[in-house]
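Structure first, commentary second.
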Amino acid sequence: MPYRVLVTDKLAEEGLALLRAEKDVELIIDTKLAKDPKALREALKEADGIAIRSGTQLTAEILADQPRLKAIVRAGVGVDNIDVPAATRQGIVVMNTPGGNTVSTAEHTLALMLSLARNVPKANESLKAGKWDRNSLTGTQLEGKTLGVVGLGRVGLAVAKRALGFDMTVIGYDPLMSPEKALEHGVESVSRLEDLWPRCDFITLHTPLTPETRHVVSAAAIASMKPTARIINCARGGLIDEAALIEALNAGKAAGAAIDVYEAEPPAADDPLVIHPKTVVTPHLGASTEEAQVSVAVEAAKLLCDYLIRGQVKFSVNTPTLDRAELADLKSYLDLAWRLGMLHTQMDRGAITKARLIYRGEVALKNTKLITAAFAAGLMESALDQTVNLVNALPLARERGLVLEEQTAEAPGDFGTLIQAEVTTERKTYVAAGTLFGKQFLRLVRLGSYHLDAHMDGSMLIFTHHDRPGLIGFIGKTFGDHGVNIAQMNVGREQQGGEAIGVVNLDSVPGEAALEAVRQHKDVISISLIKLPAPGVLPSWLSA
């Protein structure tokens with residue numbers, strides 16, 4: 001029997017033609033199903049694969065109990081409309097087409113930048129209204145200006161390349177691209193966003209929307225920019241605090257903004273951002289070119305055929321290339337390495353250039369390449385606009401100039417098994433090490449030169465401090481006063497009265513007031529709030 005492939009969103013004919021040409025594929029096109037969840041669920045019971053765009057929502061309810069469905073392909077980058085963990089639990093491979101929209105989105109960014117700089121929309125409206133108002137439409141040129149690119153992934157680098165063609169100076173921020181790799185693309189890298197904002201005449205956003213990047217362009221960020229700065233967003237709605245931007249435009253604290261994506265889509269007709277005289281707006285057109293539509297449709301068709309007919313997996317966002325038996329054997333080690341990566345990336349230490357993984361004891365006899373990939377996935381997943389898993393973590397790290405090294409020692413040290421991660425940034429090298437107690441309990445046993453025994457889950461406050469009487473009591477009382485319960489507390493020190501490190505596991509995320517109170521204590525040197533998954537919560541690519 002042929003494989004039945006369902007298409008529920010509009011795809012370019014070139015992609016559909018590839019599916020029709022496969023003798024082992026039966027193609028069914030029904031775009032009405034995108035608006036009828038019940039009918040879609042029933043249709044999927046008779047489908048081996050489905051190709052969608054953004055119009056079809058594949059929820060956990062729709063994907064539950066779908067024994068025949070083997071593969072989902074999203075013709076585009078984002079998989080926000082797919083419940084990936086639910087698909088993983090069902091054993092369904094989820095793939096996307098990460099490269100198809102790059103050029104179109106980059107070109108649209110430049111189009112908006114030029115329109116904003118030269119008042120093109122206003123000039124068009126003015127002349128069509130019968131006016132010849134040249135004086136009020138004087139713009140600014142791009143040559144000699146500085147462009148700040150937030151996020152140096154595929155689209156960010158494509159924008160940078162084109163901006164350099166306009167003789168602009170390009171500076172970029174990406175915590176997972178080394179300064180040397182950025183320089184290869186003609187981009188000066190900065191280690192902190194605070195160093196980027198005040199230097200730029202134009203700022204463009206190309207980063208995924210995560211809890212960490214939501215409202216990355218905040219009121220405080222805008223206040224640190226030049227009042228002549230212009231902001232462009234063709235990435236994700238929510239990266240800009242729209243209310244803060246409107247306030248800045250009204251007060252003359254920002255010269256203009258060009259927006260293609262919005263916190264609520266479609267925005268209301270009277271949305272202040274849409275109707276503001278200092279904005280250029282488009283209705284989410286970044287990928288809306290004929291070439292991009294053809295590219296993602298053809299790539300989606302190839303991915304489906306390669307998987308269903310030839311058993312090849314490319315651009316999977318949820319499935320590693322190993323069998324279930326090996327996954328079961330490595331699960332705890334992969335979880336430990338993943339959490340070490342997540343811990344390191346939240347320590348606010350500048351751009352990462354290199355990471356070295358040292359495996360001691362029992363873990364040194366395992367498939368350490370996969371464990372290193374799990375570490376890389378934890379290190380990168382919050383910064384990339386795609387799911388990072390065991391399949392793509394190491395290639396993505398190489399693309400970004402991140403050097404990953406491994407060292408093994410079969411002889412155990414103080415622990416039967418130990419994974420030590422040494423991460424080098426522009427500032428220094430940072431060390432964190434973890435171990436397993438039994439087969440499932442994860443412990444953080446080293447930070448820097450300090451030894452301790454802390455749980456690796458949930459909200460963790462890591463603070464360096466002077467070893468003085470009363471500090472621990474102060475921290476406990478401070479969090480208590482703010483309604484935050486302490487689950488565990490560990491302290492490591494080298495000598496009495498010297499510098500020490502503490503790790504506090506909290507039952508909830510503390511507010512800024514509680515953190516500021518701790519930060520202001522005279523014996524506290526630095527603090528970092530780390531958010532790790534709850535105990536037993538695995539990444540989507542491992543939970544199945």
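Remember, predicted model here, so these are calculated numbers, not experimental data.
Within the 3.5 Å criterion, the main-chain N or O of Ala86 finds no donor-acceptor partner in the side chain of Gln90. Between the side chain of Arg400 and the backbone N or O of Pro175 there is no donor-acceptor pair closer than 3.5 Å. Although no hydrogens or angles enter the test, the distance criterion places a donor-acceptor pair under 3.5 Å between the side chain of Gln346 and the main chain of Lys531. Listed for the Asp201 side chain is no donor-acceptor partner under 3.5 Å among the backbone atoms of Lys145. In this structure a side-chain-to-backbone donor-acceptor pair under 3.5 Å is missing from Arg230 to Ile232. Checked by atom type and distance alone, the side chain of Thr417 never pairs as donor or acceptor with a backbone atom of Gly361 at under 3.5 Å. In this structure, Asp174 contributes its side chain and Leu152 its backbone to a donor-acceptor pair below 3.5 Å.
Crowding of Lys253 atom NZ: a count of heavy atoms from other residues, nucleotides or ligands under 6.0 Å not exceeding 12. Summarising the local packing, CZ of Phe437 is surrounded by more than 12 heavy atoms from other residues, nucleotides or ligands at distances under 6.0 Å.
Closest approach of Val423 to Phe375, counting heavy atoms only: CG2-CZ, 3.9 Å.
Between the side chains of Arg356 and Gln407, a donor-acceptor pair is found at a separation under 3.5 Å.
The pair Asp335-Lys331 does not count as a salt bridge, with every side-chain nitrogen at least 4.0 angstrom from each carboxylate oxygen. Electrostatic pairing of Arg199 and Glu188 counts as a salt bridge here, judged by a charged N lying under 4.0 Å from a carboxylate O.
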- Could you give me the CA-CA distance, side-chain angles and deciding distance for His521 and Phe474, then say whether ring pair (Phe, Tyr, Trp, His ring centres under 6.0 Å) is met? CA-CA 9 Å; His521 191 282; Phe474 166 80; 4.6 Å; yes
